[in-house]
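A quick note: this is a predicted structure, and the numbers were derived from the prediction, not measured. Numbers here simply count residues along the sequence, with the first being 1.
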Amino acid sequence: MRQDIDGAALGELIFNNMNMMFIEFVKRDAARIPGLRAAMRRQNRILVAAIAM
């Protein structure tokens with residue numbers, strides 16, 4: 001991870017994003033775990049790529 005990244009803020013960002021995704025997942029009857037996991041991987045992959053540069 002880049003040295004100029006605030007690790008605590010990054011952790012909060014990841015947690016908040018995943019928490020919101022889970023809340024939306026629970027509200028939808030048609031939602032499935034594989035779809036939730038794929039969305040989490042997709043979004044976190046972008047974030048990790050951005051902080052690794």
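Between the CZ atom in R28 and the CD1 atom in I23 there is a gap of 12.5 Å [rounded to 0.5 Å]. With rounding to the nearest 0.5 angstrom, the CE atom of M40 is 8.5 Å from the CZ atom of F25. To the nearest 0.5 Å, atom CZ of residue F15 and atom CE of residue M20 are 10.5 Å apart. Rounding to the nearest 0.5 angstrom, the gap separating the CG atom in L13 from the CG atom in D6 is 11.0 Å. Residue I51 holds its CD1 atom at 10.0 Å from CG of D4, rounded to the nearest 0.5 Å.
Residues satisfying the side-chain hydrogen bond (donor to acceptor under 3.5 Å, both in side chains) criterion with N44, sequence neighbours excluded, are absent altogether. With sequence neighbours left out, E12 forms a side-chain hydrogen bond (donor to acceptor under 3.5 Å, both in side chains) with no residue at all.
Contact of the L10 side chain with the L47 side chain is registered, since non-hydrogen atoms from C-beta on lie closer than 4.5 Å.
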Please evaluate residues Q43 and M21 with respect to the criterion side chain to side chain contact (heavy atoms under 4.5 Å, CB included), reporting the C-alpha separation (whole Å), side-chain torsions for both, the decisive distance (0.1 Å), and the verdict.
CA-CA 10 Å; Q43 291 186 15; M21 291 175 74; 3.5 Å; yes
